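Notes follow the structure.
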Amino acid sequence: MTLVQMQPRPADANPAHRTAVEVMDAAGPQVCDDMSVEVALAVMAAARTIRLVVCDQDGQCTGLVTRTELVAVRDSSDYTDRVRLRDILGDHGSFPSPVTTMAEAEHAMRTRRLGVLPVVDEQGSALGILALSR
């Protein structure tokens, strides 16, 4: 057995200069955008999570849905069992890349009034999640 000595990373004087990859959380469950709202809620319950990353058939991230959003859709008068996740995804604009600084990501999230955004790679696959601190 070989022991590896870990060296602490020097703390950046300004946390806003840190990149998305340094502070993102795991992406969590990823589902296809053709999934129904009811099935998505069941997946969330089984995974014990409050959000799902939504991808298209090519595996590219198209957005993120929260349990609160899905419950609101399900409880609305316009709801039918034909509503799919792609039908309710808002326009989140572009997603941050792993090298996006936290200052840039926070500005984009506040401007678009989003509390959470997926971080995507060059191919559009979700790598993780950024959440605004309260």
Side-chain angles (χ1 to χ4, degrees):
M1 176 166 66
T2 304
L3 294 176
V4 177
Q5 185 174 3
M6 302 298 285
Q7 297 293 326
R9 275 202 227 169
D12 191 335
N14 186 349
H17 291 143
R18 295 177 71 186
T19 60
V21 76
E22 294 176 280
V23 297
M24 69 184 184
D25 294 327
Q30 297 183 28
V31 297
C32 193
D33 64 0
D34 66 351
M35 181 177 281
S36 71
V37 170
E38 286 296 331
V39 173
L41 284 167
V43 169
M44 281 184 180
R48 295 185 176 151
T49 187
I50 60 168
R51 66 180 71 94
L52 296 171
V53 173
V54 182
C55 301
D56 63 16
Q57 289 79 7
D58 298 324
Q60 292 190 330
C61 182
T62 57
L64 187 133
V65 292
T66 65
R67 184 180 189 290
T68 303
E69 291 171 327
L70 294 180
V71 168
V73 168
R74 184 193 61 197
D75 293 345
S76 75
S77 60
D78 295 333
Y79 177 74
T80 72
D81 61 356
R82 292 184 173 182
V83 176
R84 302 290 178 237
L85 296 180
R86 73 170 65 97
D87 301 329
I88 63 170
L89 285 176
D91 180 19
H92 292 276
S94 61
F95 301 120
S97 77
V99 296
T100 301
T101 66
M102 283 310 302
E104 294 169 323
E106 285 181 13
H107 176 74
M109 293 168 75
R110 291 187 197 288
T111 300
R112 294 186 263 175
R113 295 184 177 165
L114 300 171
V116 182
L117 267 180
V119 176
V120 299
D121 64 14
E122 303 83 32
Q123 290 78 37
S125 299
L127 301 173
I129 298 291
L130 287 179
L132 284 176
S133 55
R134 302 278 172 192

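Computed from heavy atoms alone, side chains included, the values below leave out hydrogens, waters and symmetry copies. Keep in mind it's a predicted model, so treat the numbers as computed, not measured.
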Legend entry - Partners passing side-chain hydrogen bond (donor to acceptor under 3.5 Å, both in side chains) against Ser125 (at least two apart in sequence or in another chain): none
Inset, instruction - Report, as yes or no, whether the 6.0 Å neighbourhood of atom CZ on Arg74 holds more than 12 heavy atoms from other residues, nucleotides or ligands. - result: yes
Inset, instruction - Report the distance from atom CE of Met102 to atom CG of Leu130, rounding to the nearest 0.5 Å. - result: 5.0 Å
Inset, instruction - Looking only at non-hydrogen atoms, find the nearest pair between Leu70 and Ala40 and report the distance. - result: CD1-CB, 3.7 Å
Legend entry - Pro96 versus Leu117, closest heavy-atom pair with distance: CD-CD1, 3.9 Å
Inset, instruction - Would you give the length of the straight line joining atom OG1 of Thr19 to atom CE of Met24, rounded to the nearest 0.5 angstrom? - result: 8.5 Å
Inset, instruction - Please list, chain by chain and in numerical order, all residues satisfying salt bridge (Lys or Arg N to Asp or Glu O under 4.0 Å) with Arg86, sequence neighbours excluded. - result: Asp33
Legend entry - Closest heavy-atom pair and its distance - Val119, Ala20: CG2-CB, 4.1 Å
Legend entry - From Asp25 atom CG to Leu127 atom CG, the distance as rounded to the nearest 0.5 Å: 13.0 Å
Inset, instruction - Treating Ile, Leu, Val, Met, Phe, Trp and Tyr as nodes and any side-chain heavy-atom pair under 4.5 angstrom as an edge, say whether Val99 and Met109 lie in one connected cluster. - result: no
Inset, instruction - Of all the heavy-atom pairs spanning Pro29 and Ala47, show the shortest one and how long it is. - result: CG-CB, 3.8 Å
Inset, instruction - Start with the C-alpha gap between Asp34 and Gln57, add the side-chain angles, then the distance that decides, and say whether side-chain contact (heavy atoms from CB on, under 4.5 Å) holds. - result: CA-CA 8 Å; Asp34 66 351; Gln57 289 79 7; 4.3 Å; yes
Inset, instruction - Indicate the atoms forming the closest heavy-atom contact of Val120 with Phe95, along with that distance. - result: CG2-CB, 3.9 Å
Legend entry - Val43: side chain to side chain contact (heavy atoms under 4.5 Å, CB included) partners, not counting sequence neighbours: Val31, Met35, Val39, Leu52
Inset, instruction - First locate atom CG of Leu64, then atom CD of Gln30, and finally report the distance between them rounded to the nearest 0.5 Å. - result: 10.0 Å
Inset, instruction - Measure the spacing between CZ of Arg51 and OG1 of Thr68 and express it to the nearest 0.5 Å. - result: 10.5 Å
Inset, instruction - Give a yes or no answer on whether the side chain of Asp58 reaches the backbone of Gln60 with a donor-acceptor pair at less than 3.5 Å. - result: no
Legend entry - Over all atoms of both residues, closest heavy-atom pair of Cys61 and Pro118: SG-CG, 3.5 Å
Inset, instruction - Nearest 0.5 Å please: distance from the CD atom of Glu69 over to the CD1 atom of Ile50. - result: 10.5 Å
